Amino acid sequence: VSSAGEEGRESADRWATTMKALRRAQRESSGLAGCLRIVEGPLQRLDDDTAVGTASLPGLVKSLMKSLKRIHSTSSQLKDERMAQLLRKVLRSLVQRASKELPGPLDVAAPKGGLKDAFDRSSALRETFRAFLELHFLHLNPTAAAAPSTPSHAEGNNNSNNNNNSN
């Protein structure tokens with residue numbers, strides 16, 4: 001009879017431990033939902049071409065990235081890999097937006113809206129991507145954190161000069 005009582009206590013202890021873990025997960029889940037509600041609006045505006053003009057994209061991205069960084073630092077659920085997935089979605093949205101906003105190769109000489117408008121959109125998009133890069137806070141792979149080497153503009157100019165000299 002005492003072994004049955006001991007088994008009952010062990011079962012009750014396991015049950016209590018499981019219930020504590022369940023309550024903690026529920027609190028974390030509701031906290032996470034609250035955190036994500038904070039960034040839900042900016043994420044939707046980022047995807048909606050008509051909701052945010054190109055000129056206000058840099059401010060939106062700065063605000064969004066700062067909020068995501070705060071969520072990442074305080075959340076036990078939105079850690080590196082999950083946050084990386086969310087940041088990839090943000091970046092994908094920015095790239096799609098840029099591809100819609102920038103003139104195509106055949107339209108560069110006479111962009112829609114005029115040259116000044118094209119320069120303004122281009123400048124705003126440059127600032128948007130700069131804000132994303134400056135406020136990016138994850139480094140999952142230490143080698144990926146290093147900036148990739150790219151040829152300088154001067155090298156590109158020298159190559160074009162070399163091509164002109166060969167004619």
Side-chain angles (χ1 to χ4, degrees), residues 1-104 112 117-118 120-152:
V1 175
S2 76
S3 68
E6 206 172 297
E7 267 184 46
R9 274 193 297 275
E10 287 176 13
S11 292
D13 288 344
R14 282 194 306 255
W15 179 258
T17 303
T18 302
M19 288 304 295
K20 283 181 185 178
L22 181 60
R23 280 189 219 105
R24 184 178 64 244
Q26 186 179 17
R27 279 192 311 271
E28 288 175 355
S29 177
S30 66
L32 179 61
C35 289
L36 290 178
R37 270 193 295 276
I38 293 170
V39 295
E40 184 178 6
L43 286 171
Q44 287 175 346
R45 288 196 324 263
L46 187 62
D47 280 340
D48 186 0
D49 296 344
T50 60
V52 177
T54 307
S56 57
L57 274 176
L60 176 67
V61 168
K62 286 178 184 178
S63 170
L64 179 62
M65 293 298 287
K66 288 176 183 177
S67 294
L68 289 173
K69 184 175 182 176
R70 276 191 301 272
I71 290 170
H72 179 260
S73 67
T74 60
S75 171
S76 63
Q77 292 180 326
L78 264 181
K79 285 303 174 190
D80 292 352
E81 189 52 42
R82 282 181 152 177
M83 187 58 75
Q85 291 172 4
L86 185 56
L87 290 174
R88 280 191 289 271
K89 288 179 183 180
V90 168
L91 184 57
R92 186 179 316 121
S93 180
L94 290 175
V95 169
Q96 288 172 346
R97 181 75 180 261
S99 69
K100 291 177 188 175
E101 295 286 335
L102 294 173
K112 185 177 82 176
D117 187 46
D120 291 344
R121 286 193 316 257
S122 173
S123 178
L125 288 166
R126 185 180 321 107
E127 290 304 313
T128 300
F129 282 105
R130 183 175 291 142
F132 181 87
L133 291 173
E134 286 175 359
L135 296 170
H136 190 272
F137 51 89
L138 289 183
H139 299 290
L140 296 176
N141 182 352
T143 58
S149 61
T150 57
S152 71

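Not measured: the values here are computed from a predicted model. Counting from 1, the numbers follow the sequence of the chain as shown.
Between Ala84 and Leu138, the shortest heavy-atom distance links the atoms N-CD1, 3.4 Å. Scanning both residues, Pro58 and Ala124, for their nearest heavy atoms gives CG-O, 3.4 Å.
Of the inter-residue distances, the one linking Gln96 atom CD with Leu46 atom CG reads 9.5 Å to the nearest 0.5 angstrom. Between atom CD of residue Glu101 and atom CG of residue Leu94 there is a gap of 11.5 Å, rounded to the nearest 0.5 Å. Taken from CD in Glu10 to CD in Glu7, the straight-line distance is 7.0 Å, to the nearest 0.5 Å. Here the CG-OG1 distance, from Leu22 to Thr17, works out to 12.5 Å after rounding to the nearest 0.5 Å.
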Result block: side-chain N/O donor-acceptor pairs under 3.5 angstrom for residues 61-70, not counting sequence neighbours:
from  : atom 1 : to    : atom 2 : distance (Å)
Ser67 : OG     : Ser63 : O      : 3.1
Ser67 : OG     : Arg70 : NH2    : 3.4

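At a threshold of 4.0 Å, the pair Asp117-Arg121 counts as salt-bridged, since one of the basic side-chain nitrogens sits closer than that to a carboxylate oxygen. Checked for salt-bridge contact, Glu40 and Arg37 miss the test: no charged N lies under 4.0 Å from a carboxylate O.
In terms of the ring-ring contact (aromatic ring centres under 6.0 Å, His included) criterion, Phe129 has no residue partners (sequence neighbours excluded). Listed by chain and residue number, nothing satisfies the side chain to side chain donor-acceptor pair (under 3.5 Å) test with Lys20 (two or more places apart in sequence, or in another chain).
The closest side-chain heavy-atom distance from Met83 to Leu86 is below 4.5 Å. Contact check for His136 versus Leu87: side-chain heavy atoms found under the 4.5 Å cut-off. No side-chain heavy atom of Arg97 sits less than 4.5 Å from a side-chain heavy atom of Asp47.
Panel note: side chain Ser93, backbone Lys89; no donor-acceptor pair is recorded below 3.5 Å. Put simply, the side chain of Ser122 never gets that close to the backbone of Ala118: no donor and acceptor are under 3.5 Å apart.
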